[in-house]
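Working notes for the structure below.
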Amino acid sequence: MKASKTGEFALIDRIISEINKVKPGEWNSLVSGIGDDAAVIRSRSRYQVATTDCLVENVHFKKSFLDWNALGWKALAINLSDIAAMGGLPKYAVVSLAIPLNTDVEDVVRLYKGMLEAASESGTVIAGGNISRASEIAVHAAVIGEVPARGKVLLRSKAKKGDLIAVTGRLGAAAAGLRTLGGSLHPSRNDADILEKAFWYPQPRIDVGRILVKSGIHCGMDISDGLVADLGHILEMSRVGARIEAARVPVHPSVAVLGFEGLKLALTSGEDYELLFTGKKEAIEKVAAEACCPITIIGEITRGAGKLDVLDNDGKNIPFENGGWHHF
Ligand SMILES: Nc1ncnc2c1ncn2[C@@H]1O[C@H](COP(=O)(O)OP(=O)(O)OP(=O)(O)O)[C@@H](O)[C@H]1O
Ligand SMILES: Cc1ncc(C[n+]2csc(CCOP(=O)(O)O)c2C)c(N)n1
Ligand SMILES: [Mg+2]
């Protein structure tokens, strides 16, 4: 059967079942493997975390609005965000570059300048990589980081009934930025600048990730595919349900002007790379007092296994046919 028919997550399940048949080598050191933002590996008194993600032309961006410096920033930032989503500190990155033969060398330099900005802001060393020619541009990165104290890690499987659900920052700006760059949305010049920047320059929430674990939060992930879809992963892995109040979702001000369409972008469009987490009210208040960005409580974890209700002001369920991005 073709990947386009099975869907992204059924394909990953198939990969998992092949891996589980073999379980080679240091399998016992794996605290948490496939299923979270990064793999967690036991190492002396610490945990190591490892992740990989990529940006591919015509999937994650188009040549028509490509900015090489921004591509470099974003390719590393989306990986740093996965480390942040585990409560980790990034340490080393390796980068695999696929570029067409006629790529300008200065554009590659621009790409690396963008990537190095993200690396130096987060204290990450670019330690190596790979290069290949290709028909379309693709930047793959992998990052290794560490969680300084064993057990103090954010997992998708740790949501508990009665936990409150919270997010960092404001949502929907990256998706509105993509539409602005693609020419299907026409905001004011000022909003266009803000939204395009949100699309190209996501800010990995590494500091907040550390604050979360220090404040007693155990469950978190980053929002790459869309809030509804990503919360779905937490519900599945934690075997719980959730109720969200749409009016509490922090829609980015440059997106809120779009009304219900703006709310839909904030709930289902992804690429904001904010953190989504659950925990006790007191722990979330501790986080809010320390974090450098807004922290908003949007709902509650419930018993109903896998069931997610997004409620409007009248307490009615807002249906979402497609809660987020799927590659297949
Ligand atoms: N080709 C693969 N081989 C092994 N594991 C995979 C593969 N692709 C994905 N996974 C694993 O499946 C899980 C889900 O992957 P996914 O890419 O959706 O997560 P993510 O990187 O956190 O999200 P996003 O890519 O949207 O930022 C992760 O734990 C990931 O490690
Ligand atoms: C040209 C173009 N069309 C659509 C999108 C939207 N998009 C692509 S991948 C993705 C999820 C995150 O990626 P991943 O799951 O690979 O980490 C989203 C929301 C885009 N960025 N560019
Ligand atoms: Mg991924």
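Along the sequence shown, residues are numbered consecutively beginning with 1. Just so it is clear, the values below take in all heavy atoms, side chains as well, and ignore hydrogens, waters and symmetry mates. Read the numbers this way: they start at 1 and go in the same order the structure lists the ligands and their atoms.
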What do we get for Ile78 next to ligand 2 when only non-hydrogen atoms under 4.0 Å count, side chain, backbone, both or neither? neither

Considering both backbone and side-chain atoms of Gly35, is one of its nitrogen or oxygen atoms within less than 3.5 Å of a nitrogen or oxygen in ligand 1? yes

Charged N-O contact under 4.0 Å between Arg205 and Glu274: yes

Which residue owns the protein heavy atom closest to atom 1 (C) of ligand 2, what's the atom, and how far is it? Lys62 CG, 3.7 Å

Asp53 near the Mg ion (ligand 3): N/O/S under 2.8 Å: yes

N/O to N/O below 3.5 Å, does that happen between Asp53 and ligand 1? yes

Ligand-side contact atoms (ligand 2) for residue partner Ser224, heavy atom cut-off under 4.0 Å: 11 (C), 12 (C)

Using only heavy-atom distances, determine whether the side chains of Asp309 and Asn317 contain a donor-acceptor pair under 3.5 Å. yes

Can you check whether Ser269 has an N/O within less than 3.5 Å of an N/O in ligand 2? no

Donor-acceptor pair, distance only, cut-off 3.5 Å: does the side chain of Thr51 make one with the backbone of Asp37? yes

Nearest non-hydrogen atom to atom 20 (C) of ligand 2 belongs to which of Asp53, Val59, Val56? Val59

I need the contact type for Phe61 against ligand 2. Using non-hydrogen atoms and a strict under-4.0 Å cut-off, is it side chain, backbone, both or neither? backbone

Between Trp200 and Phe61, what is the ring plane arrangement, given parallel below 30°, perpendicular above 60°, and tilted in between? tilted

Check this for me, if you would: do Lys63 and Glu136 make a salt bridge, where the nitrogen-to-carboxylate-oxygen distance has to be below 4.0 angstrom? no

Only heavy atoms of Phe199, strictly under 4.0 Å: list the atoms of ligand 2 that pass. 21 (N)

Heavy-atom gap Arg156 to ligand 1 smaller than 4.0 Å: yes

